[in-house]
*Asks:* 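First the structure, which I've put down as structure tokens, then a few questions once you've had a look.
In what follows, every heavy atom counts, from backbone to side chain, and hydrogens, waters and symmetry copies are set aside. Just so it is clear: chains get the letters A, B, ... in the order the sequence lines come, proteins before strands, and each one is counted from 1.
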2 protein chains.
Amino acid sequence: MGTLADHIEAHIKKMLKSSGDNSVELSRAQLANDFSCVPSQINYVLATRFTLERGYIVESRRGGGGYIRVVHVQVEDDLTHAVNLLRSIGSQLSERQLENILARLKDIGVISPRECRLVRGIVQQEVGTINQGKDVLRASLLRALLFYIIESES
Amino acid sequence: MGTLADHIEAHIKKMLKSSGDNSVELSRAQLANDFSCVPSQINYVLATRFTLERGYIVESRRGGGGYIRVVHVQVEDDLTHAVNLLRSIGSQLSERQLENILARLKDIGVISPRECRLVRGIVQQEVGTINQGKDVLRASLLRALLFYIIESES
DNA sequence: ACAGTTAAGGTCAGTAATAGTCAAAGAAAG
DNA sequence: CTTTCTTTGACTATTACTGACCTTAACTGT
């Protein structure tokens with residue numbers, strides 16, 4: 001199945017897809033009510049799944065008539081974007097950054113779910129074999145694999 | 001008979017077989033409970049029996065709603081040789097060894113001349129960015145790239 | 001205008017639910 | 001007897017979820 005957070009995430013993404021303009025306005029209280037949870041759960045989902053790194057901008061206003069707007073930003077064409085993401089990988093990469101980048105690439109369709117899983121698995125496996133410099137190895141491996149994928153598909 | 005680890009391994013493989021899509025999601029705590037052992041025993045089994053080398057990818061998530069997913073990725077028969085070569089790559093790899101392996105893979109037609117150049121270039125590029133542990137990185141990168149190539153072309 | 005009320009949303013720290021790591025003890029194999 | 005594989009458990013890390021308390025904006029009556 002999946003957690004409540006996963007379901008709320010999916011729900012918001014579905015709304016975004018059917019919105020026509022990649023943005024959706026929601027009521028925190030209403031959404032929390034629909035999912036039978038506390039309002040702050042919505043903040044949790046937004047904070048963990050709809051980050052800028054993953055391509056989302058979240059704006060909100062308090063008070064009467066308040067709202068939360070989630071915008072899915074799409075920049076350049078996908079390949080350019082992928083290359084930029086690749087460039088943004090520094091000499092070190094945490095596990096979380098790796099996840100965010102993979103999620104983003106999968107999102108824009110540069111890699112398939114299967115490729116995403118493969119890359120994640122490979123990186124994890126390799127990183128698991130060493131004790132020092134895990135972040136450095138992660139960065140190198142991801143760059144190498146993505147570079148290969150992009151090169152061989154273009 | 002076999003050890004506990006063997007039984008757990010067999011159990012997971014059985015689940016995989018009857019899964020239809022070569023992947024299965026399990027709960028570490030639940031499985032440990034079923035086999036009356038400590039949870040970390042499951043990690044041991046996964047680490048020793050469900051490695052990439054043997055054709056498995058293991059993904060997991062901690063926290064509430066956490067899980068462990070085991071995916072079995074199948075490689076074709078005519079790539080067995082390549083897989084064996086892959087296995088033979090140790091934890092360190094000199095430049096010379098790298099060349100030898102690439103040459104052999106190109107010879108037996110597992111990678112094309114273009115892929116050979118690509119891999120060599122990527123490895124060189126990455127290895128050039130660090131000062132220590134070049135041999136370790138070379139081994140990791142080659143394993144990763146070859147595994148990816150073999151996987152995505154089978 | 002002003003003050004009070006109502007109607008949003010935000011923060012943060014704590015609890016619970018999972019899984020991961022590592023080293024040491026125990027068992028099996030050579 | 002030595003080495004390698006298995007098993008355990010204490011400690012750590014991560015993710016999800018909740019609730020009490022805080023902030024902001026609009027509305028309302030005088």
*Asks:* Taking A:R138 first and then A:E126, would you say they form a salt bridge - that is, a charged N and a carboxylate O separated by under 4.0 Å?
*Replies:* no
*Asks:* When you get a sec, tell me which of D:dT7, C:dA19, D:dT24 is the closest nucleotide to the side chain of B:R62?
*Replies:*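 Nearest to the side chain of B:R62 among the choices is C:dA19.
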*Asks:* Within this structure, what is the NE2-to-P distance between A:H7 and D:dC17, rounded to whole angstrom?
*Replies:* 10 Å
*Asks:* May I have the distance from A:I130 (atom CD1) to C:dT21 (atom P), rounded to whole angstrom?
*Replies:*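 Going from CD1 in A:I130 over to P in C:dT21 covers 13 Å.
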*Asks:* Rounded to the Å, how far apart are B:D6 CG and D:dT7 C1'?
*Replies:* 13 Å
*Asks:* Is the shortest distance from a Lys or Arg side-chain nitrogen in A:R104 or A:D107 to a carboxylate oxygen in the other one below 4.0 Å?
*Replies:*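 Answer for the salt bridge query: no.
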*Asks:* Can you tell which of C:dG20, D:dT6, D:dT18 lies closest to the side chain of A:V38?
*Replies:* D:dT18
*Asks:* B:T3 side chain N/O closer than 4.0 Å to the phosphate oxygens (OP1, OP2) of C:dA28?
*Replies:* no
*Asks:* If you check every side-chain atom of B:I68, which of C:dC12, C:dG9, C:dG20 has the closest atom?
*Replies:*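 Of the options given, the side chain of B:I68 lies nearest C:dG20.
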*Asks:* Output the rounded distance in Å from CZ (A:R28) to C1' (C:dT11).
*Replies:*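 Rounding to the nearest Å, CZ of A:R28 and C1' of C:dT11 are 10 Å apart.
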*Asks:* Over how many whole Å does the gap from A:Q30 atom CD to C:dG9 atom C1' extend?
*Replies:*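 Taking CD of A:Q30 and C1' of C:dG9, I get 14 Å after rounding.
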*Asks:* If you look at every strand shown and take non-hydrogen atoms under 4.0 Å, does B:S27 touch a base, only sugar-phosphate, or nothing?
*Replies:*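 The answer is sugar-phosphate, as B:S27 gets under 4.0 Å only of primed atoms, P, OP1 or OP2.
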*Asks:* Could you tell me whether A:E99 and A:R120 have a side-chain N and a carboxylate O separated by less than 4.0 Å?
*Replies:* yes
*Asks:* Between atom CZ in B:R69 and atom P in C:dA19, what is the gap in whole Å?
*Replies:*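 So the two atoms are 13 Å apart, to the nearest Å.
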*Asks:* Counting only distance, no hydrogens or angles, is the base of C:dG9 paired donor-acceptor with the side chain of A:S40 under 3.5 Å?
*Replies:* no
*Asks:* Assess the pair B:H11 and B:F35: is the distance between their ring centroids shorter than 6.0 Å?
*Replies:*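 Centroid separation for B:H11 and B:F35: below 6.0 Å.
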*Asks:* Starting from the 5' end of DNA chain D, give me the residue, B:T48 or A:Y44, whose nearest nucleotide shows up first.
*Replies:* B:T48
*Asks:* May I ask you to check whether B:S40 and B:N43 show a side-chain donor-acceptor distance below 3.5 Å?
*Replies:*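 No donor-acceptor contact under 3.5 Å links the two side chains.
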*Asks:* In whole angstroms, how far is the C1' atom of D:dT18 from the CD1 atom of A:I8?
*Replies:*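 For the pair A:I8 CD1 and D:dT18 C1', the rounded distance is 13 Å.
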*Asks:* Base, sugar-phosphate, or nothing for B:L4, non-hydrogen atoms under 4.0 angstrom?
*Replies:*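 It contacts sugar-phosphate atoms only.
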*Asks:* Of A:R61 and A:R49, whose nearest nucleotide on DNA chain D comes first from the 5' end?
*Replies:*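 Whichever sits nearer the 5' end wins; that is A:R49.
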*Asks:* Looking only at side-chain atoms of B:A29, point me to the closest of C:dA19, D:dT23, D:dT7.
*Replies:*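 Looking only at heavy atoms from C-beta outward on B:A29, the closest nucleotide is C:dA19.
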*Asks:* How many Å lie between CD on A:Q41 and P on D:dT15, as a whole number?
*Replies:* 15 Å
*Asks:* Looking across every strand, which nucleic acid part, if any, lies under 4.0 Å from B:G66 by heavy atom: base, sugar-phosphate, or nothing?
*Replies:* sugar-phosphate
